[in-house]
Amino acid sequence: MATDLFQAPDYYNMDDLLNEEHKMVRDAARDWVKKSISPIIEDACEKAEFPKQIVSGLGEIGAFGPYIPEEYGGAGLDQISYGLIMQELERGDSGVRSTASVQSSLVMYPIYKYGTEEQRKKYLPKLASGEYLGCFGLTEPDHGSNPGGMETNYKDMGDHYLLNGSKMWISNAPFADVAVVWAKNEEGRIYGLIVERGMEGFTTPETHGKWSLRASATGELVFDNVKVPKENLLPNKSGLGAPLGCLDSARFGIAWGAIGAAMDCYDTALRYSKERMQFDKPIGGFQLQQKKLAEMITEITKAQLLTLRLGQLRNENRATSAQISMAKRNNVDMAMTIARDARQMLGGMGITGEYPIMRHMMNLESVVTYEGTHDIHLLITGLDVTGLNAFK
Ligand code: TGC
Ligand code: FAD
C-alpha cells in the first residue's frame, strides 16, 4: 500500500476566500480520506467491492446531508461546505463521493424538500448517521438522457399504491435500505415514492463487470407489483422538475468533486516529475512535462474559481440549473484531461495501482456520463443562451 502524500494545490490562495467553518469542515474530510479511504481504496477497486464499512464514517464526518438542517440530523452547513466535502471525498475516490452525493442530494434532499414532516422525521436522521443507505431511481433501461419518457408507474389501489417497472444503473442499489423512486401515476404525472428493502416484489440485482467506479455498488431496481403504503409518496412536488431539482444539487457536488480527482492526479504527477530521472535530470525539468503541469494547475485554478462563485450563488438561492450544468460539464472534462496527461507523465508506472491516477481516470468515465452526459450539459447551455431547444 502506497503512502498518501497528498498536498492540495491552492495557486490563487483560495483559502483566503473561505471562512473558518469551511476550512474546518474541509480539513476534517481531508484527514478522514487520508485515514479511512487511501489505505483501502485500491484493494476495494481491484476486487470491485463496495467498502461498506465507510458508511458509518461518512455519517460521522457529516458527509450525509451536510446542508440538511440539524433538527433532521444534517450538519446545517452551507453549500460551499457541501462542495468542499465532495471535493475531498472524490480526491479519495469518485465512488466514495458518489455514495455521499446520492445519499445527500438524491435521497435526503427530496425527502426534506418534497416530503411530509413525518417522512422527514422517520428517514432523515437515519440517513444522516449512515444507519440507512439510500439510492435514487430515475434512469430506466430505455430512458437515460430523457427521463421524462419513463415507464415505471403506480396505480392507486385505495389503501396503497401498486408499483411496477424497473430502473437501471442505480448507485448504492444493492446495499440500499431505502430507494427514492420516480414513477408516473395513472394520469402520467411523475411523483417520488419511498420504497423500502423488504417490500414484497422489490429486488435490487447488482450490475457486474464495470471497469469504472468499481468501489461503488451499482444495480437495478425491479418492481413487480410492489405494494407501497400511501404515506410513502412524496407529495410536495410533481413533474420532471422534481427529480431534476435533486440533480441540480448533486451536479453541483460533482462539479466540486471533479476538482478533487484532478488535484490528486496533478499532485501525484508533480511529485513524480521531481523524483523521476531520465537523461540525467528530473523529467519535471523538460519543457514538455512542464507544459502539462502548468496547464493542469491553470485549469484546476479556473475550476476552483468557478465552483466557489457557484457556491456563493447557491447560498443566495440564485444559481440557475444552466449555471450548474456548465460547472459540472467543465470540471469533469477538466479532470479527465488532467488524469490522462498525468497518467502519461508517470510512464509505465501510471497504469499501476501504486498510484491513484488510472483509477481516477476510469472513474471519471462514469462521472462524465451520469447526472447528465457531457453532451446533454452542452445542450442545456446551448438552450440557455439561444432559447432554442436542440434536444428534440
Ligand atoms: P424539460 O421539458 O426541459 O423540463 C421538464 C420540466 O423540468 C423542469 N426542469 C428542471 N427543474 C429543476 N431543475 C432542473 N435542472 C430542470 N431542468 C428542467 C422544466 O422547467 C420543466 O418543468 P415544467 O414545470 O415546465 O414541467 O425536460 P426534457 O424532457 O426536455 O429533458 C430535459 C433534459 C434533457 C435537460 C433533462 O431531462 C436531463 O437533464 N437529462 C439528463 C438525465 C440525467 O441527468 N439523469 C441523471 C440520473 S441520476 C444519476 O445519474 C445519479 S448518478 C449519482 C452518483 O452516483 O453520483
Ligand atoms: P443515453 O441517454 O442512451 O445516451 C447515449 C449517448 O447519446 C450519450 O453520449 C448522450 O450524450 C447522447 N445523447 C442522448 N440524447 C441526446 C440528444 N438529445 N442530443 C445529442 N446527444 C444525445 N441513474 C440514476 O437514476 N440513479 C443513479 O444512481 C445512477 N447512477 C449511475 C452510476 C453509474 C456508474 C452510471 C454509469 C450511471 C448511473 N446512472 C444513474 C445513470 C446515468 O444517469 C445515465 O447513464 C445517463 O443519464 C445517460 O443515460 P444512458 O446511459 O441511457 O445514455
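Owing to the predicted nature of the structure, the values given are computational and were not obtained by experimental measurement. Whatever order the structure lists ligands and atoms in, that order sets their numbers, starting from 1.
More than 12 heavy-atom neighbours from other residues, nucleotides or ligands sit within 6.0 angstrom of CD on E186. For CH2 of W32, the number of neighbouring non-hydrogen atoms (other residues, nucleotides, ligands) closer than 6.0 Å is greater than 12. Applying the 6.0 Å contact sphere to NZ of K184 captures more than 12 heavy atoms from other residues, nucleotides or ligands. The number of heavy atoms from other shown groups lying within 6.0 Å of CZ (F175) is above 12. Within 6.0 Å of CD on E46 lie no more than 12 heavy atoms contributed by other residues, nucleotides or ligands. Residue-environment remark: OH (Y11) stays at or below the threshold of 12 foreign heavy atoms within 6.0 Å. The neighbour count for L305 CG, taken as heavy atoms of other residues, nucleotides or ligands under 6.0 Å away, is above 12. Crowding of E316 atom CD: a count of heavy atoms from other residues, nucleotides or ligands under 6.0 Å exceeding 12.
For atom 40 (N) of ligand 1, a protein heavy-atom neighbour is present inside the 4.0 Å cut-off. At a distance under 4.0 Å, a protein heavy atom can be found next to atom 29 (C) of ligand 2. Under the 4.0 Å distance rule, the nearest protein heavy atom to atom 3 (O) of ligand 2 falls outside the cut-off. Distances from atom 29 (O) of ligand 1 to the protein include at least one heavy-atom value under 4.0 Å. For atom 51 (O) of ligand 2, no protein heavy-atom neighbour is present inside the 4.0 Å cut-off. In this structure, atom 50 (O) of ligand 1 has protein heavy atoms in its sub-4.0 angstrom surroundings. For atom 7 (O) of ligand 1, the protein comes within 4.0 Å by at least one heavy atom. Distance check for atom 34 (C) of ligand 2: a protein heavy atom is found below 4.0 Å. Counting protein heavy atoms under 4.0 angstrom from atom 13 (N) of ligand 1 gives one or more. Checking atom 26 (O) of ligand 1 against the protein gives no heavy-atom contact under 4.0 Å.
In the model, N363 has no side-chain atom that pairs as donor or acceptor with a side-chain atom of H360 under 3.5 Å.
When non-hydrogen atoms are compared, ligand 1 lies under 4.0 Å from the side chain of F136 (C-beta onward) but not from its backbone. Counting heavy atoms closer than 4.0 Å to ligand 2, residue L138 contributes atoms from both its backbone and its side chain. With a 4.0 Å heavy-atom cut-off, ligand 2 is reached by the backbone of T139 and by its side chain too. Residue S145 touches ligand 2 through backbone and side chain together, judged by heavy-atom distances below 4.0 Å. Contacts between L106 and ligand 2, counted as non-hydrogen atom pairs separated by less than 4.0 Å, are absent for every part of the residue. Only the backbone of E371 comes within contact range of ligand 2, with a heavy atom under 4.0 Å; no side-chain atom does. Neither the backbone nor the side chain of M86 has any atom closer than 4.0 Å to an atom of ligand 1 (non-hydrogen atoms only). In L247, the part holding a heavy atom less than 4.0 Å from any atom of ligand 1 is the side chain. Residue contacts with ligand 1 for D248 involve side-chain atoms from C-beta outward but no N, CA, C or O (heavy atoms, distance under 4.0 Å). With a 4.0 Å cut-off on non-hydrogen atoms, S101 touches ligand 1 through its side chain and not its backbone.
Considering Y67, Y109, W256 in turn, Y67 is the only one that fulfils the ring pair (Phe, Tyr, Trp, His ring centres under 6.0 Å) rule with Y82.
Scored by the side-chain hydrogen bond (donor to acceptor under 3.5 Å, both in side chains) test, T152 finds E140 as partners (sequence neighbours excluded).
Taking a cut-off of under 4.0 Å to the non-hydrogen atoms of L106, the atoms of ligand 1 that pass are 51 (C). Atoms of ligand 2 lying under 4.0 Å from any heavy atom of L213, numbered from 1 in the order shown and given with element: 34 (C). The atoms of ligand 2 that sit less than 4.0 Å from any heavy atom of I170 are 24 (C), 25 (O), 26 (N), 27 (C), 28 (O). Residue contact check: F391 has heavy atoms under 4.0 Å from atoms 18 (N) of ligand 2. For ligand 1 and Y370, the ligand atoms under 4.0 Å from any heavy atom of the residue are 50 (O), 52 (S), 54 (C), 55 (O), 56 (O). Listed by number with element, the atoms of ligand 1 under 4.0 angstrom from any heavy atom of I380 are 35 (C). Near K392, meaning under 4.0 Å from any of its heavy atoms, are these atoms of ligand 1: 28 (P), 29 (O), 30 (O). Atom numbering of ligand 1 starts at 1 in the shown order; those under 4.0 Å from a heavy atom of S171 are 54 (C), 55 (O). Residue R97 has at least one heavy-atom neighbour below 4.0 Å for each of these atoms of ligand 1: 56 (O). Every atom of ligand 1 is numbered from 1 in the order shown, and the set under 4.0 Å from a heavy atom of G245 is 12 (C), 13 (N). Ligand 1 places these atoms under 4.0 Å from at least one heavy atom of G241: 6 (C), 7 (O), 8 (C), 11 (N), 12 (C).
Remark: side-chain polar atoms of K167 are paired, donor with acceptor, to backbone N or O of L138 under 3.5 angstrom.
For residues 257-266, the pairs satisfying salt bridge (Lys or Arg N to Asp or Glu O under 4.0 Å) are R91-D264, with sequence neighbours left out.
Backbone and side-chain nitrogen or oxygen atoms of K210 are examined, and none is located within less than 3.5 angstrom of a nitrogen or oxygen of ligand 2. Between N146 and ligand 2, no N or O atom pair is found at a separation short of 3.5 Å. Below 3.5 Å of separation, one finds no N or O of H143 facing any N or O of ligand 2. Polar contact check, V102 against ligand 2: no nitrogen or oxygen pair lies under 3.5 Å apart.
Scanning both residues, A242 and W182, for their nearest heavy atoms gives CB-CZ3, 3.6 Å.
For the atom pair CD1 of I357 and CG of D267, the computed distance is 9.5 Å after rounding to the nearest 0.5 Å.
Taking 4.0 Å as the cut-off, P147 counts as a neighbour of ligand 1 on heavy-atom distance. In this structure, G372 counts as a contact residue of ligand 1, since one of its heavy atoms falls inside 4.0 Å of the ligand.
The protein heavy atom nearest to atom 54 (C) of ligand 1 is S98 OG, 3.2 Å.
Nearest to atom 18 (C) of ligand 1 by heavy-atom distance, out of L244, T99, N146, is L244.
Relative to the six-membered ring of Y161, K227 misses at least one condition, a distance below 6.0 Å or an angle of at most 45° to the axis.
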